Undergrad: 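Sending over a structure as structure tokens; questions will come in a sec.
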Amino acid sequence: MMEDTLRLAKKLISIPSTIGDTSAAEGFMLDLLSGMKGCEAELVPVKGIGNSVVARTVHEPDRPTVLINGHLDTVEVCNGWTRDPFRPSQEGDRLYGLGSADMKSGVASMIAAAEAIVKSGAKLKGDLIITAVADEETGSAKGTRHLIERGLKADMAVVSEPTDLRIEIAHKGILWAEITTKGRGSHASRPHLGVNAIDKMNAIINALHEIKLEGYNPLFDVPQPVLSVTTITGGTKINVIPDQCKIEFDRRLL
């Protein structure tokens, strides 16, 4: 079973599915789950992003429902890769490739587990639901949350995110926000005639870093809330005092 899981993880890694472009991975998952005996699979469209894959094996209705959940989308390819991010490679007990940890190995594991249950012929006393969603990296509003809003229900759920094999029972909330400062443009040779929006933003960033987030809960992998400034844009030319600057920040709540 381990080898089958590893092969499936490598296959998933080899299919690019960065944010907003998961169609190839969706098609692969739909075919895979549809071909599983006793399993009914469908694509659930999500406006502007693609489809989530939902599969179900019904054994005895009105009994407890177990949901196993994962996401197909990954972050974009960032700078610094020393190997092809879509060509999975293995060195010892390490698997390399974009999404190998977050979370194509997790998806492969849950599919392998479901397939093992089906092949065993075990008669479950309930309903097994498998979801491979198209949106998690940008907040899940169009992924798992969308499925819940459509009526997806379960009594128990397992989400196969990477946790170093620890069982985690808590997940942080998230707030994404942006701040814009406005100044007045002028030629950089006469900065006293303008108002520098980047200088204004610098003061705000420093103030954000001074905020003391005192919450603490050991249930979380990172037990304290955090705030991180993650993007900044401002100015138009090197010789022009910027009249606008914008930052975005990521705030994780307990």
Side-chain angles (χ1 to χ4, degrees), residues 1-22 24-26 28-29 32-33 52-53 55 66-116 128-145 147 154 156-174 176 217-226 228 230 250-254:
M1 183 175 173
M2 181 67 74
E3 288 303 315
D4 291 340
T5 307
L6 185 57
R7 278 194 293 271
L8 180 54
K10 289 179 177 179
K11 178 62 179 178
L12 287 169
I13 293 167
S14 71
I15 303 173
S17 58
T18 51
I19 295 168
D21 185 21
T22 58
E26 296 160 15
F28 173 77
M29 287 294 295
L32 180 67
L33 292 169
S52 291
V53 185
V66 177
L67 168 69
I68 49 179
N69 170 273
H71 63 90
L72 296 175
D73 58 327
T74 69
V75 294
E76 301 286 351
V77 179
C78 61
N79 295 326
W81 279 86
T82 58
R83 60 188 81 203
D84 185 342
F86 301 115
R87 187 176 180 180
S89 58
Q90 187 177 355
E91 293 181 10
D93 61 354
R94 290 182 177 270
L95 178 63
Y96 295 91
L98 182 61
S100 56
D102 189 12
M103 61 176 295
K104 292 189 173 181
S105 291
V107 172
S109 297
M110 73 181 193
I111 298 302
E115 192 169 27
L128 176 65
I129 303 175
I130 307 161
T131 56
V133 301
D135 170 46
E136 188 272 348
E137 294 292 352
T138 55
S140 296
K142 296 182 178 181
T144 301
R145 181 173 293 181
L147 295 179
M156 295 159 277
V158 178
V159 182
S160 50
E161 286 276 359
T163 61
D164 289 332
L165 300 182
R166 298 185 309 275
I167 296 176
E168 304 283 2
I169 60 171
H171 178 63
K172 283 186 175 181
I174 187 171
W176 285 339
N217 191 324
L219 286 178
F220 295 91
D221 181 34
V222 179
Q224 293 174 298
V226 292
S228 304
T230 50
D250 178 300
R251 168 85 158 85
R252 300 294 165 129
L253 314 166
L254 295 185

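None of these values were measured; they are calculated from a predicted model.
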Undergrad: Do T163 side-chain atoms and R166 backbone N/O form a donor-acceptor pair below 3.5 Å?
TA: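 A pair under 3.5 Å: yes.
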
Undergrad: Check whether S160 reaches the backbone of G106 with its side chain - one donor and one acceptor, N or O, closer than 3.5 Å.
TA: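 Present.
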
Undergrad: Start with the C-alpha distance between W176 and T230, add both sets of side-chain angles, then the distance that settles side chain to side chain contact (heavy atoms under 4.5 Å, CB included), and finish with yes or no.
TA: CA-CA 10 Å; W176 285 339; T230 50; over 6 Å; no

Undergrad: Can you confirm whether I111 sits close enough to M29 that some side-chain heavy atom of one is under 4.5 Å from a side-chain heavy atom of the other?
TA: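 Of all side-chain heavy-atom pairs linking M29 with I111, at least one is under 4.5 Å.
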
Undergrad: Can you name the nearest heavy-atom pair linking L254 to P223, along with the distance?
TA: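 Answer, listing the atom of L254 first, then P223: CD1-O, 3.6 Å.
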
Undergrad: From S140 OG over to H71 NE2, what is the distance, rounded to the nearest 0.5 angstrom?
TA: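 NE2 of H71 is found 7.5 Å from OG of S140.
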
Undergrad: Counting heavy atoms not belonging to R145, are there more than 12 under 6.0 Å from its CZ?
TA: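 Open: at most 12 neighbouring heavy atoms sit under 6.0 Å from CZ of R145.
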
Undergrad: Write down the atom of E168, the atom of L219, and the distance for their closest heavy-atom approach.
TA: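 Taking E168 first and L219 second, the nearest heavy atoms are OE1-O, 3.7 Å.
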
Undergrad: Between A114 and I68, which heavy-atom pair has the shortest distance, and what is it?
TA: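 Minimum heavy-atom separation between A114 and I68: CB-CD1, 4.2 Å.
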
Undergrad: Do F86 and V77 come within less than 4.5 Å of each other through their side chains, counting heavy atoms only?
TA: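 They are in contact (side-chain heavy atoms under 4.5 Å apart), so the answer is yes.
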
Undergrad: Return the minimal non-hydrogen interatomic distance between P162 and M103, and the atom names on each side.
TA: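 Minimum heavy-atom separation between P162 and M103: CD-CB, 4.3 Å.
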
Undergrad: Would a 4.5 Å heavy-atom cut-off, applied to side chains only, mark I130 and M110 as touching?
TA: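 I130 vs M110: side chains touch.
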
Undergrad: Would you check, one step at a time, whether the test side chain to side chain contact (heavy atoms under 4.5 Å, CB included) holds for R252 with I174?
TA: CA-CA 5 Å; R252 300 294 165 129; I174 187 171; 3.4 Å; yes

Undergrad: Locate the shortest heavy-atom distance separating W81 from G97; write the atom from each residue and the value.
TA: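 In this case the closest contact between W81 and G97 is CH2-C, 3.6 Å.
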
Undergrad: For the pair S109 (side chain) and S105 (backbone), establish whether a donor and an acceptor sit closer than 3.5 Å, ignoring hydrogens and angles.
TA: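 Yes.
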
Undergrad: Is there side-chain contact between K172 and D221, with at least one heavy-atom pair below 4.5 Å?
TA: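 Heavy-atom side-chain distance check fails, nothing below 4.5 Å.
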
Undergrad: Roughly how far, to the nearest 0.5 Å, is the CD atom of E137 from the OG1 atom of T74?
TA: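 Rounded to the nearest 0.5 Å, the OG1-CD separation comes to 7.0 Å.
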
Undergrad: Evaluate whether atom CZ of R83 has more than 12 neighbouring non-hydrogen atoms of other residues, nucleotides or ligands under 6.0 angstrom away.
TA: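 Above 12, so yes.
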
Undergrad: Measure across E26 and A134 and return the closest heavy-atom pair with its distance rounded to 0.1 Å.
TA: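 Between these two residues, the closest heavy atoms are OE2-CB, 4.0 Å.
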
Undergrad: Just checking, is any N or O donor in the side chain of T138 or D135 under 3.5 Å from an acceptor N or O on the other one?
TA: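 On atom types as modelled, these side chains qualify, holding a pair under 3.5 Å.
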
Undergrad: Cut-off 3.5 Å, side chains only: do N69 and T131 have a donor facing an acceptor?
TA: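 Indeed, the side chains of N69 and T131 share at least one donor-acceptor pair under 3.5 Å.
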
Undergrad: Less than 4.5 Å apart, side chain to side chain, heavy atoms only: is that true for E136 and T144?
TA: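 Side chain of E136 against side chain of T144, heavy atoms only: no contact under 4.5 Å found.
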
Undergrad: Would you list the atom pairs, donor with acceptor, under 3.5 Å between side chains in residues 8-17 and any protein atom, with sequence neighbours excluded?
TA:
residue	atom	partner	partner atom	Å
K10	NZ	Q90	OE1	3.1
S14	OG	K11	O	2.6
S17	OG	L72	O	2.7
S17	OG	K104	NZ	2.8

